[in-house]
A.B. asks: 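Have a look at the structure that comes next, please.
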2 protein chains.
Amino acid sequence: MTNKPIDKREAILQASLEIFAENGFHGSPTSQISKVANVGTGTIYRYFENKDALIDALHEEIDGRLRPAMSEGIDVEAPVRENVLRILKRVFHFFLENPHEFRFLEMYYNSPYGIAKVRSEKETCERPILQILRKGAERQVVKDLPDELLFGLCFGPMLMLTRDHFTGYLELTEEMIQAVIAASWDSLKL
Amino acid sequence: MTNKPIDKREAILQASLEIFAENGFHGSPTSQISKVANVGTGTIYRYFENKDALIDALHEEIDGRLRPAMSEGIDVEAPVRENVLRILKRVFHFFLENPHEFRFLEMYYNSPYGIAKVRSEKETCERPILQILRKGAERQVVKDLPDELLFGLCFGPMLMLTRDHFTGYLELTEEMIQAVIAASWDSLKL
DNA sequence: ATGAGTGGACTGAACGCTCACTCCGCACTG
DNA sequence: CAGTGCGGAGTGAGCGTTCAGTCCACTCAT
C-alpha cells in the first residue's frame with residue numbers, strides 16, 4: 001500500500017506480490033492479502049477464480065514486465081559479446097531493483113505451478129538471449145553447446161548470487177556485478 | 001519404503017524425504033508420511049518435536065552425506081584446476097543420483113527454514129571448495145574475487161541445470177555434464 | 001429538481017475442510 | 001504384571017471459499 005492503486009484488481013495484485021514474496025504462497029492467507037489491499041476478502045474472488053489463478057495472473061504480469069526489460073536496448077548489429085553483457089546487466093539490475101518480483105519468480109518456478117508451466121510451454125526457446133547466443137555459436141565466438149546449457153551458464157551464477165544477495169549471505173556491489181558478468185561471459189566464449 | 005528400515009526414526013526420515021521432494025513441505029501431511037513410513041501419526045512426535053524439527057533433522061542428515069561426497073578424493077597436492085573439476089563432477093553426480101535429496105535441499109534453502117539457517121551459520125566458508133579456490137587465487141590461477149562470487153560462479157550453472165534436468169526441461173548426458181564443468185572452470189580461471 | 005427504485009460491486013461472517021499435533025488405551029517385552 | 005513404546009481417532013486452529021446482505025451510483029417518474 002505504498003501508493004493509491006487505481007482499481008481493486010491492481011490493488012490485489014500489488015498486495016499479493018508483497019505478501020507472497022515475504023511469506024511464501026502458503027504463508028499468505030487471502031484474509032491478509034485483502035487487508036493489505038484494502039478490499040473485502042470476497043472481492044478477491046470477483047477478480048480471480050481462486051488463489052491459484054491469482055498466483056498465475058501475478059506471474060503473467062511480472063513476466064510481461066521482465067521480458068521487455070531484458071530485450072530492450074539490444075542492437076542486432078552489435079557484436080555478440082556486447083549484447084550478452086548488456087542483457088546480463090539488464091536482468092541483474094531488474095532483479096536487484098525488484099526484490100519482490102525476484103522472490104516471487106523464484107518461488108513460482110520452484111512450485112508445482114511453475115513446474116507445470118515450464119513443462120507445458122517450452123516457449124522459453126524464443127527468448128532473445130538464445131538467438132544471440134546461437135548466432136555467437138555460428139560465428140565461432142561462443143561455445144557450440146545445447147541452448148539449455150548456454151542458458152544455464154549465462155544465468156546460473158547471476159540467479160544464485162542474486163538470491164544470496166537478498167537472503168543476506170552477501171551484499172552485491174556494482175563492481176561485483178561487473179565481475180560476475182565478465183566471468184559468465186568467459187564461460188560462454190570459445 | 002524401498003528397503004526395511006532398521007528403526008522408526010530412520011523410516012520416518014526416509015519417507016519424509018520422498019514425500020517432501022515430490023509434494024513440497026505443505027503438500028506433505030504428517031498423516032501421509034506416517035503411512036509411507038509404516039508408523040502411527042503420533043510416533044513421528046516421539047522422535048521429532050514437530051514438523052519443523054523433522055525438516056531440520058532431514059536437512060542435517062542430507063548435509064552430512066553431501067559434505068563427504070564432495071570432499072572425498074581431494075588431493076591437497078594436486079593442481080587447483082584438477083581439484084575444482086573433481087569436486088564439481090562429484091557434486092553433479094551426487095545430485096543426479098539423489099534426486100530427492102536435490103529437490104529437498106532446493107526447497108529447504110528457498111524456504112524460511114533454510115534462509116534463517118544460512119543467515120545464522122555462515123559456516124559455509126569452511127567448505128573445502130573455497131579453500132581450494134582461495135589457493136588458486138593466491139597462485140594467480142583463479143580470479144581474485146570474493147569467496148561468495150567464486151562459489152556462485154562455480155555452482156550456479158550446475159544447480160540451475162540440475163533443476164532443469166529434474167523438471168524435465170532438458171536431459172543431461174555425461175557429455176553435457178563435462179561441457180558444463182569445463183565452462184564453469186573457464187569462468188573461474190584467470 | 002427531487003426522491004423512490006434498481007442493479008450490481010463489494011463486504012466479511014460463516015462454512016466446511018484439512019492439517020499439525022495430542023492423548024489415552026493397547027500390545028508387547030522381560 | 002509392570003513398564004515402555006506405539007497407534008490412530010480425536011481436537012481445534014486456520015485456511016480457502018461462499019453468499020446473504022449492504023451500499024451507492026445512477027435512472028427516471030413526478
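Residue numbering restarts at 1 for every chain, and letters A, B, ... go by the order of the sequence lines. The shown structure was predicted, so the numbers you read here are calculated from the model rather than taken from an experiment.
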A.B. asks: Select one nucleotide: of D:dT17, C:dC21, D:dG7, the one nearest the side-chain heavy atoms of B:V39.
C.D. replies: D:dG7

A.B. asks: Rounded to the nearest angstrom, tell me the gap between atom NZ in B:K51 and atom P in C:dC21.
C.D. replies: 8 Å

A.B. asks: Tell me which of A:S31 and B:T41 sits closer to the 5' end of DNA chain D, going by the nucleotide each one is nearest to.
C.D. replies: B:T41

A.B. asks: Can you check whether B:T43 has a side-chain N or O nearer than 4.0 Å to OP1 or OP2 of D:dC6?
C.D. replies: no

A.B. asks: Out of A:F166, A:F94, A:F20, which one pairs with A:F102 under the ring-ring contact (aromatic ring centres under 6.0 Å, His included) rule?
C.D. replies: A:F166

A.B. asks: Tell me the interatomic distance from A:Y45, atom OH, to D:dT18, atom P, rounded to whole angstroms.
C.D. replies: 7 Å

A.B. asks: Does A:L190 offer a backbone N or O that forms a donor-acceptor pair with the side chain of A:K143 under 3.5 Å?
C.D. replies: no

A.B. asks: Ignoring hydrogens and geometry, is there a side-chain-to-backbone donor-acceptor pair from B:H165 to B:L172 under 3.5 Å?
C.D. replies: yes

A.B. asks: Quick one: B:Q32 CD to D:dG8 P, roughly how many Å, whole number?
C.D. replies: 16 Å

A.B. asks: Could you tell me how far apart A:K35 (NZ) and D:dC15 (C1') are, to the nearest whole angstrom?
C.D. replies: 14 Å

A.B. asks: Separation of A:H26 atom NE2 from C:dA20 atom P, in whole Å?
C.D. replies: 11 Å

A.B. asks: Any Lys/Arg nitrogen of B:R134 or B:E138 sitting under 4.0 Å from an Asp/Glu carboxylate oxygen of the other?
C.D. replies: no

A.B. asks: D:dG7, D:dT17, C:dA20: which one has an atom nearest the side-chain heavy atoms of B:P29?
C.D. replies: C:dA20

A.B. asks: Check the distance between D:dC15's P and A:F25's CZ and give it to me in whole angstrom.
C.D. replies: 16 Å

A.B. asks: May I have the distance from A:I33 (atom CD1) to C:dG12 (atom P), rounded to whole angstrom?
C.D. replies: 16 Å

A.B. asks: Given atom CZ of B:R46 and atom P of D:dG5, what is their separation to the nearest angstrom?
C.D. replies: 6 Å

A.B. asks: Does A:Y47 reach a base, just sugar-phosphate, or nothing at all? Heavy atoms under 4.0 Å.
C.D. replies: sugar-phosphate

